[in-house]
There are 2 protein chains.
Amino acid sequence: MTAGVEYGLHCLLWLASSPGTPLSSRDLADFQGISRSFLAKVFPKLEKAGIVSASEGINGGYLLARQPGDITVLEVIDAIEGKKPLFDCQEIRGRCAVYRERPPSWATKGVCAIHAVMLRAEKAMRDSLASQTLADIAGDLGGKAPPEFSDDVRKWLADRTKGRTRSGATEDRALS
Amino acid sequence: MTAGVEYGLHCLLWLASSPGTPLSSRDLADFQGISRSFLAKVFPKLEKAGIVSASEGINGGYLLARQPGDITVLEVIDAIEGKKPLFDCQEIRGRCAVYRERPPSWATKGVCAIHAVMLRAEKAMRDSLASQTLADIAGDLGGKAPPEFSDDVRKWLADRTKGRTRSGATEDRALS
DNA sequence: ATAACTCAGACAATTATAGTCCGAGTTATG
DNA sequence: CATAACTCGGACTATAATTGTCTGAGTTAT
């Protein structure tokens with residue numbers, strides 16, 4: 001599982017907690033102490049998949065395109081990683097030397113038995129990931145933070161948009 | 001999933017079909033048209049895990065150390081890939097800028113909600129892989145080949161051990 | 001009209017995988 | 001008993017993918 005997925009999911013959770021107000025990939029990156037440039041490369045993928053919607057301009061940013069309960073973890077992963085299979089069968093069974101480069105049809109018919117096992121395991125994993133939505137994760141998280149925390153977060157983001165035109169802290173990777 | 005796992009599983013199936021007679025990693029590689037050198041690097045891992053046992057010398061090779069029904073696909077994967085997790089949590093939640101590099105204990109307590117989702121999915125996958133043994137796969141495969149095939153295979157391997165001392169076809173990657 | 005922001009795609013550096021090569025030890029053969 | 005071919009085993013290199021950086025084009029409030 002790639003780091004892009006981890007970053008993306010964390011960002012989507014913040015987006016879910018800020019309905020109506022767009023958050024920019026830059027602010028999200030600084031807010032969480034991760035690379036701005038890299039995050040700026042994962043968001044377009046989420047937009048193409050219809051998970052977020054982008055708005056441009058000085059106060060633009062990203063917004064969740066659907067309800068958190070309608071976005072599954074699996075969708076997010078596929079959007080970012082590109083739905084590549086866990087196991088790519090190289091059809092070893094057809095290379096057996098006794099065939100002399102001419103594998104008979106019975107040998108290559110259907111799905112390779114090893115491949116089939118992997119496909120079942122992959123399906124089990126994907127089913128598990130598809131059963132969890134952003135709302136589920138946000139729910140698990142909700143009870144932990146004290147009441148004043150969400151206010152602190154809103155304040156941090158507001159200060160951020162306020163001080164746009166001044167202050168020179170615009171270097172990449174402000175934190176790290 | 002790495003290619004080493006695919007190669008290893010295919011070899012183990014051939015080993016399962018040849019009880020009592022050791023097969024060398026070299027013969028197994030040539031027999032299936034894959035790299036000798038690379039296969040020679042995956043077998044030691046299987047031996048350390050107690051899945052195969054090695055015998056040295058001119059007629060040596062590998063033997064299944066246990067019954068095919070007692071070897072699960074999951075074991076083989078862990079032996080070759082080293083049991084590394086599907087997702088390594090970077091604890092993004094603790095880097096939130098509002099904490100100013102001092103995350104409070106409630107934020108980092110327990111398992112990250114995103115990480116938990118991934119762990120569940122990984123468990124689902126591993127459970128599926130653990131439920132399948134080499135015997136199960138061999139069974140799926142058994143009905144497909146015609147009766148004379150296993151004889152052809154035995155003959156190929158026998159010819160191989162027979163012509164050991166002569167014939168210059170010992171270059172790496174005979175096929176490909 | 002400016003200036004700072006936004007997105008978006010082209011460009012390196014790092015890391016892990018796939019594959020190659022050579023050395024040490026073992027066993028049957030002459 | 002000496003040879004020769006085989007075995008395993010680990011150190012080395014090339015390739016592919018991921019991570020991360022940089023520069024450009026377009027948009028919106030001041």
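Naming: A, B, ... by sequence-line order, numbering from 1 per chain.
- Between B/I58 atom CD1 and C/dG25 atom P the separation is 19 Å, expressed in whole Å.
- In this entry D/dT28 has C/dA3 as its Watson-Crick or G-U wobble partner, both defining distances falling under 3.5 Å.
- We find that CD of B/E56 is positioned 21 Å from P of D/dA4, with the value rounded to whole Å.
- The CZ atom of B/R66 sits 11.0 Å away from atom OG1 of B/T133, with the distance rounded to the nearest 0.5 Å.
- Following rounding to the nearest Å, A/R26 (CZ) and C/dA4 (C1') show an atom-to-atom distance of 9 Å.
- Look at CG on A/L39: it is 14 Å from C1' on C/dT6, rounded to the nearest Å.
- Rounded to whole Å, the distance from CG on A/L28 to P on C/dC5 is 16 Å.
- One interatomic measurement links the two molecules: NZ of A/K45 to P of C/dC7, which rounds to 15 Å at whole-angstrom precision.
- Between A/S25 and the phosphate of C/dC7, there is a side-chain N or O to OP1/OP2 separation shorter than 4.0 Å.
- Looking at heavy atoms from C-beta onward, B/L9 lies in side-chain contact with B/L134 at the 4.5 angstrom threshold.
- Dashed line: the shortest gap from a side-chain N or O of B/S24 to OP1 or OP2 of D/dC8 is not under 4.0 Å.
- Taking atom CG on A/D88 and atom C1' on D/dA16, their separation rounds to 13 Å, with Å as the unit.
- In this structure, A/W106 and B/F149 have perpendicular ring planes: the angle between them is above 60°, well past the 30° mark.
- Within the structure, every side-chain polar atom (N or O) of B/Y7 is placed at least 4.0 Å from both OP1 and OP2 of C/dA18.
- Proximity of A/Y62 to the phosphate of C/dT6: no side-chain N or O atom is located under 4.0 Å from OP1 or OP2.
- Between B/A40 and A/F38, the residue whose closest nucleotide on DNA chain D is further toward the 5' end is B/A40.
- At least one side-chain heavy atom of B/F87 sits less than 4.5 Å from a side-chain heavy atom of A/E6.
- Of the listed nucleotides (D/dC22, D/dG10, C/dG9), C/dG9 has the atom at the smallest distance from the side chain of A/K48.
- The side chain of A/T2 has D/dT18 as its nearest neighbour among D/dT18, C/dA8, C/dC21.
- Here C/dA18 presents its P atom at 9 Å from NZ of B/K41, a figure rounded to the nearest Å.
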May I have the list of side-chain donor-acceptor pairs in residues 42-58 of chain A shorter than 3.5 Å, sequence neighbours left out?
{"residue": "A/S55", "atom": "OG", "partner": "A/G61", "partner atom": "N", "Å": "3.3"}
{"residue": "A/S55", "atom": "OG", "partner": "A/G61", "partner atom": "O", "Å": "3.2"}

